[in-house]
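Everything on this sheet refers to the single structure shown next.
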Amino acid sequence: MSTPPPLRSIAVFSGSNTGVNPAYVEGAQALGREIARRGLRLVYGGTDKGLMGVMADTVLAEGGEVVGFITRLLSDLGHLHPGLTRHEITENMRSRKARMSECADAFIALPGGLGTFEELFEVATLTQLGEHHKGVACLNIGDFFNPVRSLLEHAVNEGFMKTEHRDMLIFNPDPAALIDALELWQAPTVTKWIGAVSAAPLSTR
Ligand code: AMP
């Protein structure tokens, strides 16, 4: 079956800096309020830095639950948020990403840099391959993710990606609309390979 799990936990990937536009901080706060309002658990990278810290602070201030997954190196550097509901220290980034992915029912990316892009594309790749059936969304604050949309369009036009896999990613600037879309999301049922015919995701065959 390609039905995604019901939404209880959302992993959010975001910048460990705040960016130059104050709209990024405001957007992270708005997402944090919406996650807390819906009683969803926030899963994230466990730091008090940048947009990650802003969002965790907001969910905690609204009485929500926040679970942080941080590497030993970053924790030893003093980057662990001191007020989390719960945290886990992992040996490295790979095991940290695996734990975040296991503990989340869906994923949201906020604006960020290399770390954020890497996490976003990894979870989307796992959805594309059918290793998990979890929705992936980008909070498109100030059109930050428009270049990512253009890149995906380019990959489709050049024959490296199916339109279904481009369209499975949700882009919206409004946190409530974004989470509503994740609630309704269904996994694509086509294979990753162009020219291959399938009506079922890879993991069911
Ligand atoms: P970036 O978008 O390059 O700022 O990287 C953000 C992503 O990388 C986060 O989602 C984290 O997984 C990881 N990361 C970078 N810096 C930190 C930090 N100080 N504490 C925890 N995670 C971090």
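In each ligand, atom 1 is the first atom listed, and ligand 1 is the first ligand listed.
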- [ ] Using a strict 4.0 Å threshold on nitrogen-to-oxygen distance, state whether R37 and E62 make a salt bridge.
- [x] no
Task: Lys/Arg-Asp/Glu bridge criterion (N-O < 4.0 Å) met for E119, K97 - done: no
Task: Atom CZ of R8 with >12 non-hydrogen neighbours under 6.0 angstrom - done: no
TODO: Look at atom 15 (C) of ligand 1 and say which protein heavy atom is nearest, naming residue and atom and giving the distance to 0.1 Å.
DONE: S16 OG, 3.6 Å
Task: Heavy-atom nearest neighbour in the protein, as seen from atom 20 (N) of ligand 1, with distance rounded to 0.1 Å - done: T47 CB, 3.2 Å
Task: For G15, the ligand 1 atoms whose distance to one of its heavy atoms is below 4.0 Å - done: 2 (O), 4 (O)
Task: Identity and separation of the nearest protein heavy atom to atom 23 (C) of ligand 1 - done: L74 CD1, 3.7 Å
Open item on the list: Are H165 and F160, when compared by the centres of their aromatic rings, separated by less than 6.0 Å?
Closed with: no
- [ ] May I ask you to decide whether R149 forms a salt bridge with E153, counting only side-chain N to carboxylate O separations under 4.0 Å?
- [x] no
TODO: Locate the shortest heavy-atom distance separating K134 from S101; write the atom from each residue and the value.
DONE: NZ-O, 2.9 Å
Open item on the list: Please give me the minimum heavy-atom distance between G46 and R96, naming the atom from each residue.
Closed with: N-NH2, 4.5 Å
Open item on the list: I want to know if ligand 1 touches E119 in the polar sense, i.e. an N/O pair below 3.5 angstrom.
Closed with: yes
Task: Contact check, M93 vs ligand 1, heavy-atom distance below 4.0 Å - done: yes
TODO: Say whether G46 and ligand 1 are in contact under the criterion: heavy-atom distance to a ligand atom below 4.0 Å.
DONE: no
TODO: May I ask you to check whether T116 has an N/O atom sitting below 3.5 Å from an N/O atom of ligand 1?
DONE: yes
Task: Shortest heavy-atom approach to atom 13 (C) of ligand 1 - which of H79, R96, M52 - done: R96
TODO: Enumerate the atoms of ligand 1 whose separation from the nearest heavy atom of S14 is less than 4.0 angstrom.
DONE: 6 (C), 7 (C), 9 (C), 10 (O)
Task: Residues T127 and H132: side-chain donor-acceptor under 3.5 angstrom - done: yes
Open item on the list: Below 3.5 Å, N or O to N or O, backbone or side chain included: is there any such pair between G115 and ligand 1?
Closed with: yes
TODO: Would you mind running through ligand 1 and noting each atom that sits below 4.0 Å from a heavy atom of G45?
DONE: 21 (C)
TODO: Using only heavy-atom distances, determine whether the side chains of N140 and N172 contain a donor-acceptor pair under 3.5 Å.
DONE: no
Open item on the list: So if I count the atoms of ligand 1 from 1 in the order they appear, which ones are less than 4.0 Å from some heavy atom of G112?
Closed with: 2 (O)
